[in-house]
Amino acid sequence: MTTILTFFVWCVLFILCWPLALLALVLAPLVWLVALPFRLAGAAIGGVLALVKALFFLPARLLGGRP
């Protein structure tokens, strides 16, 4: 659904201002490549925080606390 909506928005932009639409088409993969390390770092930090949370709640789970 998001892909179709993005395509229609791009078509409207292409009709209104075709140089800007072509620039967006060329720059989109570059923006994705620049943002990729930040997404990977976010996933790693989320995993570390989940591990810390699991270690923090481990004594309560071992003693029979509610999940």
Identify the two heavy atoms, one from W10 and one from A21, that lie closest to each other, and give their separation to 0.1 Å.
NE1-O, 3.0 Å
Residues, nucleotides or ligands: over 12 heavy atoms within 6.0 Å of L36 CG:
yes
Nearest-0.5 Å distance, CG of residue L33 to CG of residue L27:
11.5 Å
Please examine the side chains of L13 and W18, heavy atoms only from C-beta on, and report whether any two atoms are closer than 4.5 Å.
no
Hydrophobic cluster membership, with links at side-chain heavy-atom distances under 4.5 Å among I/L/V/M/F/W/Y: are L30 and L23 in one?
yes
Grouping I, L, V, M, F, W and Y whenever their side-chain heavy atoms are under 4.5 Å apart, do L49 and F56 come out in a common cluster?
no
Separation between CZ of R39 and CH2 of W32, rounded to the nearest 0.5 Å
7.5 Å
Let's go through F14 and L25 carefully: what are the C-alpha distance in whole Å and the side-chain angles of both, what is the deciding distance for side chain to side chain contact (heavy atoms under 4.5 Å, CB included) to 0.1 Å, and is it a yes or a no?
CA-CA 10 Å; F14 187 75; L25 194 64; over 6 Å; no
Hphob cluster co-occupancy, L51 + V48, side-chain heavy atoms under 4.5 angstrom
no
